[in-house]
Amino acid sequence: MIERKDILSIPYLKKTTFTGSYDGLRFRFAVVKKESEVQEKEQQVLQITAWEGPYGFDATSEEKKQQIETEFSEEGIQNGIDWLNALWEADPEKWKRAKSEW
């Protein structure tokens, strides 16, 4: 399972994206700026994307990616980790198969 220690720190995520994988499940954590309708200013949100391996983010079509957005905080990072783990647990054979299908 993916754990908090497997994902880099908030200061790192502020500077660049983080990609990783777990047994065929590829993932990406990226900070994006969104217009806030309530505060009428930009805010940073954490965008987590998951897709089947073995290919990287740029080499995978958008139709094959799943994505959520959450707040950019420790809680948001944990929400993303929980979401990724739930995806993997829902169909582990799919993810295991994906890492070997070139």
Side-chain angles (χ1 to χ4, degrees):
M1 301 308 301
I2 302 165
E3 297 179 15
R4 175 61 187 102
K5 66 179 177 60
D6 299 326
I7 310 301
L8 294 178
S9 67
I10 285 181
Y12 178 90
L13 291 172
K14 283 182 180 179
K15 295 178 184 178
T16 190
T17 60
F18 174 76
T19 59
S21 66
Y22 177 77
D23 215 5
L25 169 64
R26 305 270 312 185
F27 56 88
R28 177 179 182 256
F29 283 69
V31 177
V32 295
K33 293 185 178 182
K34 293 278 187 167
E35 289 293 324
S36 172
E37 296 164 7
V38 177
Q39 298 173 351
E40 297 181 11
K41 66 176 183 175
E42 280 188 343
Q43 74 178 74
Q44 292 181 322
V45 296
L46 187 60
Q47 188 178 72
I48 299 110
T49 308
W51 66 96
E52 294 177 41
Y55 302 111
F57 182 82
D58 292 332
T60 302
S61 66
E62 291 301 315
E63 303 85 49
K64 294 183 178 184
K65 296 175 185 173
Q66 299 177 58
Q67 193 172 82
I68 64 165
E69 289 181 354
T70 185
E71 66 183 59
F72 181 46
S73 65
E74 282 297 331
E75 184 178 331
I77 292 170
Q78 189 59 56
N79 289 341
I81 292 167
D82 294 342
W83 176 71
L84 291 170
N85 285 330
L87 283 177
W88 196 89
E89 288 173 351
D91 194 356
E93 292 308 313
K94 167 187 167 182
W95 302 109
K96 289 177 183 179
R97 230 180 5 260
K99 71 179 178 180
S100 62
E101 292 181 0
W102 293 82

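Being a predicted model, the structure only gives us computed values, none of them experimental.
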Using 30° and 60° as the class boundaries, would you call the ring planes of F18 and Y12 parallel, tilted or perpendicular?
perpendicular
Identify which one of I68, I81, N79, I7 satisfies the side chain to side chain contact (heavy atoms under 4.5 Å, CB included) criterion when paired with I48.
I68
Please report the closest heavy-atom contact between G76 and T70, naming both atoms and the distance.
O-CG2, 3.2 Å
Determine whether Q47 and Q67 make a side-chain contact, defined as any pair of heavy atoms from C-beta on separated by less than 4.5 Å.
yes
Between R4 and E74, does any NZ, NE, NH1 or NH2 come within less than 4.0 Å of an OD or OE carboxylate oxygen?
yes
Under 3.5 Å: donor-acceptor pair, side chain of W51, backbone of R28:
no
Distance-only, no hydrogens or angles: does the Y22 side chain make a donor-acceptor pair with backbone N or O of M1 under 3.5 Å?
yes
Would F57 end up clustered with L13 when hydrophobic side chains under 4.5 Å apart are linked, directly or stepwise?
no
Write down the atom of A98, the atom of G24, and the distance for their closest heavy-atom approach.
CB-O, 4.1 Å
Show the nearest heavy-atom pair for residues G53 and R26, with the distance to one decimal.
CA-CG, 3.5 Å
Heavy-atom closest pair (Q66 atom, W83 atom, distance to 0.1 Å) is O-CH2, 3.5 Å
Sidechain-backbone polar pair: N85 side chain, D82 backbone, donor-acceptor under 3.5 Å
no
Regarding E75 and S73, do their side chains bring together a donor and an acceptor under 3.5 Å, going by distance alone?
no
Could you go through the side chain to side chain contact (heavy atoms under 4.5 Å, CB included) check for W88 and I2 one step at a time?
CA-CA 10 Å; W88 196 89; I2 302 165; over 6 Å; no
Spatial distance of atom NZ (K96) from atom CD (E52) [nearest 0.5 Å]:
14.5 Å
A side-chain contact here means heavy atoms from C-beta on lying under 4.5 Å apart; do F29 and L8 qualify?
no
Around atom NZ of K94, are there more than 12 heavy atoms of other residues, nucleotides or ligands at under 6.0 Å?
yes
Show your working on side chain to side chain contact (heavy atoms under 4.5 Å, CB included) between V32 and F72 and close with a plain yes or no.
CA-CA 9 Å; V32 295; F72 181 46; over 6 Å; no
Taking it one step at a time, do Y55 and T60 satisfy side chain to side chain contact (heavy atoms under 4.5 Å, CB included)?
CA-CA 6 Å; Y55 302 111; T60 302; 3.8 Å; yes
L46 side chain near V31 side chain, heavy-atom distance below 4.5 Å:
yes
Measuring from atom CD of E69 to atom OG1 of T49, what distance do you get when rounded to the nearest 0.5 angstrom?
9.0 Å
